[in-house]
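Heads up: the structure comes next, in structure tokens.
A, B, ... follow the sequence lines: proteins, then strands. Residue 1 opens every chain.
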Amino acid sequence: MSRFEESAPARGGFSFDLCKRNEMLMQKGLKPSSYLKTGTTIVGLVFQDGVILGADTRATEGPIVADKNCEKIHYMAPNIYCCGAGTAADTEAVTDMVSSQLKLHRFHTGRESRVVTALTLLKSHLFSYQGHVSAALVLGGVDVTGPHLHTIYPHGSTDTLPFATMGSGSLAAMAIFESKYREGLTRDEGVKLVAEAICSGIFNDLGSGSNVDVCVITKGNREYLRNYMLPNPRTYVSEKGYSFSKKTEVLLTKITPLRELVEVIEGGDAMEE
Amino acid sequence: MDSIHNDLNAPHSMGTTIIGVTYDGGVVLGADSRTSTGMYVANRASDKITQLTDNVYICRSGSAADSQVLSDYVRYYLHQHTIQLGQPATVKVAANLVRMVSYNNKNMLQTGLIVGGWDKYEGGKIYGIPLGGTLLEQPFTIGGSGSSYLYGFFDQVWKEGMTQDEAEKLVVKAVSLAIARDGASGGVVRTVTINKDGVLRKFYPGNTLPLWHEELEAKDSLLDSLSAASPEPMVS
């Protein structure tokens, strides 16, 4: 080893120089910074007219709650929704990606999307990444072939079930489903059972919390009940309010929503086939 | 608590007991229904016997993801092959396709399979395709973690040229024996019987299976035992 070591000029691509140092630090006990995970309780069940999906709304970064009211029920198609547990970035990215693929497919075929299509797209993507895309999903929807509910695991395996739970709170929620689920539930009974299962996860699992989101999908219709239940309200709010030092300038925030301008052209050219 | 969380993120594997048995006129495939992630049962009613063609079915064990994707690929290849051939695929072709995929990807796949079916040339046939991608044509074969407990049983009880009834009873008895002893197998017993007349799927719920040595009766719910008459309190 020569005494004079000139550092090589920077080359393109990823520099692996620090990997050994990171490994040494980890061995010494330094924990790497954690990514945003959804601790999560997500559930789904099939009732007599369709499927109901439910989720809690807490996003955690290690022991800290990063988002108290995040949305875990993702839109896939007008008749298909997907709850996601695991790394928040992975669930968002994979559901967005498959949602766009489904839309293109709808334009291509001219038909309503089927749940098995979404299922196959998701499972092939996750399998090809061999479990490194950490997304555990509960996919539910109603299409021409009927109501469907599937669970998809990060490694790409799928199950088709009448009721399903995923996430860190899945054991608590599954306990509720196993004791109270039966075939042919009505809409109100189903929503009540889903809310109960999510609450069980919220109160008994540290990784889940805040509010309950519910989504009811039936033939030709879907109801996204955002914050269906708020069982964790902020109980004490100080009446005195917050005082700022004289130096701080408190500005008023006003949000003006942009109006969507839609021009309807009368008597335009007919689209050519 | 932590170990449970690690378990929930563990890869979905099918502990499993799978069996394939030939009889005089066809084959009987049998499997349990438990899919576990670590120590948690992810699906207690899974269907491990998947259809490849009208007359050929496959029993899957090992990694759930790997076996599902492999079956999907082979189903696709067989569909093309059937169209090109102009007649139903033979069990031998199906088994060889499974073997090719399994062997060529042996470094990346972790799945043991049993292919069984009926065709007009050879009749009922069973092929075992364990981990490395070997192809073995056998009169009967067992696989999965629960199969360890069945080797002696089959050595004792197996005979050539059974009837359909005998074969089905043998398969159900064997799977329930394995369920009794193997923690990674459980749930219900599913069987698929394939012969010249077609395919027959049967389903045996857990509480109809015979109880073995020191097993307790299955209870529907602990709440039932509360309503039952409680024993008289001891009076000194």
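One distance of note links CG of B:N43 with OH of A:Y153; it measures 7.0 Å at 0.5 Å rounding. Annotation: the span from A:H155 atom NE2 to B:T37 atom OG1 amounts to 10.5 Å, rounded to 0.5 Å.
A:K123 approaches B:D72 most closely through the heavy-atom pair NZ-OD2, 3.5 Å. Here the closest heavy-atom approach between residue A:G156 and residue B:Q68 is recorded as O-OE1, 4.1 Å.
Heavy-atom contacts from other residues, nucleotides or ligands closer than 6.0 Å to CZ of A:R114 number 12 or fewer. Within a 6.0 Å radius of CD in A:E183, other residues, nucleotides and ligands contribute 12 heavy atoms or fewer. Atom CZ of A:F107 is surrounded by 12 or fewer heavy atoms from other residues, nucleotides or ligands within 6.0 Å. In this structure, B:R44 places its CZ atom where only 12 or fewer heavy-atom neighbours from other residues, nucleotides or ligands lie under 6.0 Å away. Heavy-atom contacts from other residues, nucleotides or ligands closer than 6.0 Å to OH of A:Y129 number 12 or fewer.
Heavy atoms of A:T165 lying under 4.5 Å from chain B belong exclusively to its side chain. Of the atoms belonging to A:M166, not a single heavy atom falls under 4.5 Å from chain B.
Interface check for chain B: of the options A:Q130, A:M174, A:E178, the most heavy-atom pairs under 4.5 Å are formed by A:E178.
Legend: residues meeting salt bridge (charged side-chain N to carboxylate O under 4.0 Å, His left out) with B:R181, ordered by chain and number and at least two apart, are absent.
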